[in-house]
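All figures in this text were calculated on a predicted structure; none of them were measured in a lab. Within every chain, numbering begins at 1; the chains are lettered A, B, ... in the order of the sequence lines, protein sequences first and strands thereafter. These numbers come from the heavy atoms of this one structure, side chains and all, not from hydrogens, waters or symmetry mates.
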There are 2 protein chains.
Amino acid sequence: MTVHDQLSASLEDYLEAIYNLSSDNRIARAKDIACQLRVARASVTGALRTLAQRELINYKPYGYITLTERGRRLAWKIVRRHQILNYFFAQVLGVETTAAQEAACRTEHTLGPEVTTRMTAFVEFIRRKQADGQDLGQSFQQFWSLLREG
Amino acid sequence: MTVHDQLSASLEDYLEAIYNLSSDNRIARAKDIACQLRVARASVTGALRTLAQRELINYKPYGYITLTERGRRLAWKIVRRHQILNYFFAQVLGVETTAAQEAACRTEHTLGPEVTTRMTAFVEFIRRKQADGQDLGQSFQQFWSLLREG
DNA sequence: TAATATAGTTAGTCCGGGCTAACTTTGCAA
DNA sequence: TTGCAAAGTTAGCCCGGACTAACTATATTA
């Protein structure tokens, strides 16, 4: 079984989309996955088959799509990573929200576990400082403005 | 002409390798590119052709490989991005050097221009603070140790 | 319940970018 | 100067992951 392998960037995206759609509201529909990932419906089918055979989702042709326990755990990690990066890009670097989102989408697949955990801690570190009245994002963004305008 | 297009991650790697090899010492040899990127010699040939037709390198079969002016400028940006990330991973997050290098290699291709410039500024910002006796990397790494050990 | 719209799948194609095997060119050493 | 090893190229293959077109299943609603 190829069950333990790393997922490709593309498969991570599918898994993440399924996670988001199924928690957002109801059921993850292939149509919506396609739409969210801006991909043809036909491409979704292939990805679903692969995810199913890696035992990350439960999937039968024309049936409902649900995450397995393994799938849910993995998806959660992926989503988490995404959020961390997004926070860093948006709140610390001050990148505009949709650009930050897009960057996070692209970058999230390349961080190894080492960098991910440290990055997570770093964001936590920054949040604490902020709670202590020391807003790093803000003071960087001041610096940034000076660079730009001044 | 496809001359203005974005390069794929893989082509960026080739360009970067050529840049490094030709500044490191002498001439960028296909053999060394292959070795550095851990790729078969045959794969290099294809990449060289593509880079040549995008006017980023001067290349004739069996000839020397040199960067064009455009190629050099672009390669420089790529190398720069790599260094910035590497600094951030190693000096700020405290990731061990070779792991930081590897992460930088994977991540560098996904940062858009917006994030890249801000990231560059962020690293500069941190350096300044460090010069002022406020070492963010160090204080984060203290925090990190507490998380781990404490 | 039958007709049709919508969702999903299949088949077949393409493209990037790897690979190996076999061939050609180049360059060094006898 | 020739003769062989090393470097480079070509041809042909594979794989992942997109696509379109055409088909099938499902759902809606008249």
Side-chain angles (χ1 to χ4, degrees), chain A residues 1-18 21-22 24-54 56-67 78 102 105-106 108-110, chain B residues 1-18 21-22 24-54 56-67 78 102 105-106 108-110:
Chain A
M1 298 294 109
T2 75
V3 162
H4 332 79
D5 287 350
Q6 273 270 67
L7 289 185
S8 67
S10 152
L11 288 178
E12 284 194 354
D13 282 333
Y14 282 103
L15 197 61
E16 192 178 7
I18 292 167
L21 287 169
S22 47
D24 252 22
N25 19 304
R26 53 213 149 256
I27 277 153
R29 298 163 66 73
K31 162 74 183 310
D32 300 328
I33 299 171
C35 169
Q36 179 167 325
L37 299 181
R38 300 177 177 284
V39 132
R41 289 186 336 271
S43 310
V44 176
T45 306
L48 293 180
R49 249 202 301 271
T50 310
L51 291 174
Q53 90 192 24
R54 301 225 189 162
L56 296 169
I57 63 174
N58 302 114
Y59 164 72
K60 290 232 153 81
Y62 298 103
Y64 292 125
I65 301 160
T66 58
L67 291 164
I78 294 169
E102 284 165 20
C105 286
R106 278 178 281 117
E108 60 173 337
H109 310 291
T110 65
Chain B
M1 299 292 110
T2 75
V3 162
H4 330 80
D5 287 352
Q6 274 267 68
L7 289 185
S8 66
S10 152
L11 289 178
E12 284 193 354
D13 282 333
Y14 282 103
L15 197 62
E16 192 177 8
I18 293 167
L21 287 169
S22 46
D24 252 22
N25 19 305
R26 51 212 154 256
I27 276 152
R29 299 164 63 74
K31 163 74 183 313
D32 300 329
I33 299 171
C35 170
Q36 180 166 325
L37 299 181
R38 299 174 177 286
V39 133
R41 290 191 329 274
S43 309
V44 176
T45 306
L48 293 179
R49 249 203 300 273
T50 310
L51 291 174
Q53 89 191 24
R54 299 223 190 165
L56 295 169
I57 63 173
N58 302 114
Y59 164 72
K60 290 233 153 79
Y62 299 102
Y64 292 126
I65 300 160
T66 58
L67 291 163
I78 294 169
E102 284 166 19
C105 285
R106 278 178 281 116
E108 60 173 337
H109 310 291
T110 66

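Residue A/Ser8 places at least one side-chain N or O under 4.0 Å from the OP1 or OP2 atom of D/dG17. Residue B/Tyr14 places at least one side-chain N or O closer than 4.0 Å to OP1 or OP2 of C/dG18.
As a whole-Å value, the separation of A/Ile18 CD1 from C/dG8 C1' is 14 Å. The nearest whole Å value for the distance from the OH atom in A/Tyr64 to the P atom in D/dA25 is 18 Å. Between A/Arg29 atom CZ and D/dA27 atom P there is a gap of 9 Å when expressed in whole angstrom units. Rounded to an integer number of Å, the gap from B/Ile33 CD1 to C/dG18 P is 13 Å. Put simply, CD on A/Gln6 is 15 Å from P on D/dG16, counting in whole angstrom units. Atom NZ in B/Lys31 sits roughly 16 Å away from atom P in D/dA5 (whole-Å rounding). Counting to the nearest Å, the C1' atom of D/dG17 and the NE2 atom of A/His109 are 14 Å from each other. Look at CG on A/Leu21: it is 15 Å from C1' on C/dA7, rounded to the nearest Å.
Residues from residues 36-51 of chain B lying near DNA chain D, meaning a heavy-atom separation below 4.0 Å, are B/Arg41, B/Ala42, B/Thr45, B/Arg49 in numerical order.
Using a 4.5 Å cut-off on side-chain heavy atoms (C-beta onward), A/Val39 and A/Tyr14 make contact. The shortest side-chain heavy-atom distance between B/Arg29 and B/Leu21 does not fall under the 4.5 Å cut-off.
Listed here is the closest heavy atom pair of A/His109 and A/Glu12: ND1-OE1, 2.6 Å. In terms of heavy atoms, B/Asn58 sits closest to B/Leu67 at OD1-O, 3.8 Å.
Comparing D/dT9, C/dG8, C/dG17 by their nearest atom to the side chain of B/Tyr59 picks out D/dT9. Side-chain proximity of A/Tyr62 to D/dA18, C/dG8, D/dG8: nearest is C/dG8.
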- Step-by-step side chain to side chain contact (heavy atoms under 4.5 Å, CB included) determination, A/Tyr59 to A/Leu51: CA-CA 9 Å; A/Tyr59 164 72; A/Leu51 291 174; over 6 Å; no
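The line from CD1 of A/Ile33 to OG of A/Ser22 is 8.5 Å long, rounded to the nearest 0.5 Å. For the atom pair A/Ile18 CD1 and A/Ile65 CD1, the distance stands at 6.0 Å (nearest 0.5 Å).
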